[in-house]
Amino acid sequence: MNPKSTLSIAGHPVHPMLVPFPIAFFVGALLTDIVHTQSDDPFWPSASSWLLGAGLISAILAALSGLTDFLGEARIRSLRAAWYHMLGNVALVAIEAFNLWRRVADGLDFVIPMGLVLSLVATVVLLFNGWKGWEMVYRHRVGISDK
């Protein structure tokens with residue numbers, strides 16, 4: 001039997017339904033930071049801040065659903081990939097929370113270069129976390145129906 005998702009709707013795990021949102025928001029923040037390097041328009045750093053805020057809110061929702069699965073199924077907790085995935089996502093949220101906090105506190109002076117660097121680092125962490133999530137689903141069959 002495959003490891004089951006504890007939190008699901010009609011047999012569909014909730015966590016994979018939620019993770020595309022923080023991914024899109026955080027990558028969007030990187031893209032708007034890159035555009036800001038080429039433009040003095042204050043729209044771009046403002047858009048980045050909003051994307052970071054939306055990414056953090058959606059990441060918390062995705063994290064809660066993932067944590068429910070992690071705590072609810074011993075076979076998931078026994079996977080090294082699950083621990084790396086969880087710890088990587090905690091690091092990601094910490095990086096992006098710091099990124100947003102400093103943008104709000106320091107304004108435009110923080111965005112280039114530090115905000116951009118943090119957005120880039122966060123995107124690299126996202127790639128690692130996605131790789132580990134893929135490993136859990138496609139190698140260890142977490143949340144895959146036995147039917």
Side-chain angles (χ1 to χ4, degrees), residues 3-73 76-77 79-145:
K4 299 288 181 227
S5 176
T6 306
L7 184 60
S8 61
I9 298 171
H12 298 278
V14 171
H15 182 67
M17 291 184 219
L18 297 177
V19 296
F21 295 100
I23 293 168
F25 291 135
F26 290 150
V27 172
L30 171 62
L31 295 175
T32 53
D33 283 348
I34 291 170
V35 172
H36 176 59
T37 66
Q38 304 301 311
S39 170
D40 289 334
D41 189 340
F43 167 80
W44 297 111
S46 178
S48 292
S49 294
W50 281 100
L51 287 164
L52 287 171
L56 288 167
I57 291 167
S58 60
I60 289 168
L61 295 174
L64 290 173
S65 66
L67 186 61
T68 301
D69 290 344
F70 183 82
L71 295 175
E73 172 66 76
I76 295 174
R77 287 192 307 278
L79 299 173
R80 183 182 309 231
W83 285 92
Y84 284 135
H85 183 71
M86 180 184 63
L87 294 173
N89 282 314
V90 169
L92 172 67
V93 168
I95 291 166
E96 294 294 47
F98 179 76
N99 195 354
L100 180 59
W101 171 67
R102 289 294 307 271
R103 287 167 189 257
V104 171
D106 297 347
L108 289 178
D109 293 336
F110 179 77
V111 177
I112 306 298
M114 277 311 296
L116 174 63
V117 169
L118 288 173
S119 290
L120 181 60
V121 168
T123 300
V124 170
V125 172
L126 266 173
L127 289 169
F128 172 80
N129 296 340
W131 183 272
K132 290 302 173 184
W134 176 93
E135 184 177 327
M136 287 189 301
V137 172
Y138 292 100
R139 272 205 186 123
H140 303 290
R141 303 191 55 79
V142 171
I144 303 291
S145 174

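One is the number of the first residue; the rest follow in order along the sequence. Given the structure is predicted, the values throughout are model-derived calculations rather than measurements.
Residues satisfying the salt bridge (Lys or Arg N to Asp or Glu O under 4.0 Å) test with Asp41, not counting sequence neighbours, are none. Residues satisfying the side-chain hydrogen bond (donor to acceptor under 3.5 Å, both in side chains) criterion with Ser48, sequence neighbours excluded, are Thr32, Asp33. Residues forming a ring-ring contact (aromatic ring centres under 6.0 Å, His included) with Trp83 (at least two apart in sequence, or on another chain): Phe70.
A ring pair (Phe, Tyr, Trp, His ring centres under 6.0 Å) check over residues 92-117, counting only residues at least two apart or in different chains, returns the pairs Phe98-Trp101. Residue pairs satisfying the ring pair (Phe, Tyr, Trp, His ring centres under 6.0 Å) criterion with at least one member in residues 38-65, sequence neighbours excluded, are absent.
In plain terms, the two heavy atoms of Lys4 and Ile144 that are nearest each other are NZ-O, 4.2 Å. For the residue pair Leu61 and Leu18, the shortest heavy atom distance occurs at O-CD1, 3.7 Å. Residues Ser58 and Phe25 share a closest heavy-atom pair of OG-CD1, 3.5 Å. Closest approach of Pro45 and Val111 over heavy atoms only: CB-CG2, 4.0 Å. In terms of heavy atoms, Pro16 sits closest to Val19 at O-CG2, 3.7 Å. Closest approach of Ala62 and Pro22 over heavy atoms only: CB-CG, 4.4 Å.
When atom types are taken as modelled, the side chain of Asn99 and the backbone of Ile95 share no donor-acceptor pair closer than 3.5 angstrom. With hydrogens and angles disregarded, no donor-acceptor distance shorter than 3.5 Å links the side chain of Ser46 to the backbone of Pro42. No donor-acceptor pair under 3.5 Å is formed between the side chain of Glu96 and the backbone N or O of Leu52. Not one N or O on the side chain of Arg141 forms a donor-acceptor pair closer than 3.5 Å with the backbone of Pro3.
Considering CG of Leu108 and NE2 of His36, their distance stands at 5.5 Å, rounded to 0.5 Å. Atom CD1 of Ile23 and atom CG of Leu127 lie 9.0 Å apart (nearest 0.5 Å). Atom-to-atom distance recorded for Asp106:CG and Met114:CE is 10.5 Å, nearest 0.5 angstrom. Within the model, atoms CG of Leu67 and CD1 of Ile60 stand 12.5 Å from one another, a figure rounded to the nearest 0.5 Å. Atoms CD1 and CG, on Ile34 and Leu30 in that order, are 4.0 Å from each other to the nearest 0.5 Å. Separating the CD1 atom in Ile76 from the NE2 atom in His85 is a distance of 10.5 Å, to the nearest 0.5 Å.
By the neighbour-count criterion of 12 heavy atoms within 6.0 Å, atom CZ of Phe128 is densely surrounded, having more than that number from other residues, nucleotides or ligands. Surrounding CZ of Arg77 are more than 12 heavy atoms belonging to other residues, nucleotides or ligands, all under 6.0 Å away.
Between Val142 and Ser5, the closest side-chain pair of non-hydrogen atoms is not below 4.5 Å.
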Give the intermediate values and the outcome of side chain to side chain contact (heavy atoms under 4.5 Å, CB included) for residues Leu116 and Leu120. CA-CA 6 Å; Leu116 174 63; Leu120 181 60; 5.6 Å; no
Side-chain polar contacts of residues 130-137 - donor-acceptor pairs under 3.5 angstrom, sequence neighbours left out - could you list them?
from   : atom 1 : to     : atom 2 : distance (Å)
Lys132 : NZ     : Glu135 : OE1    : 3.1

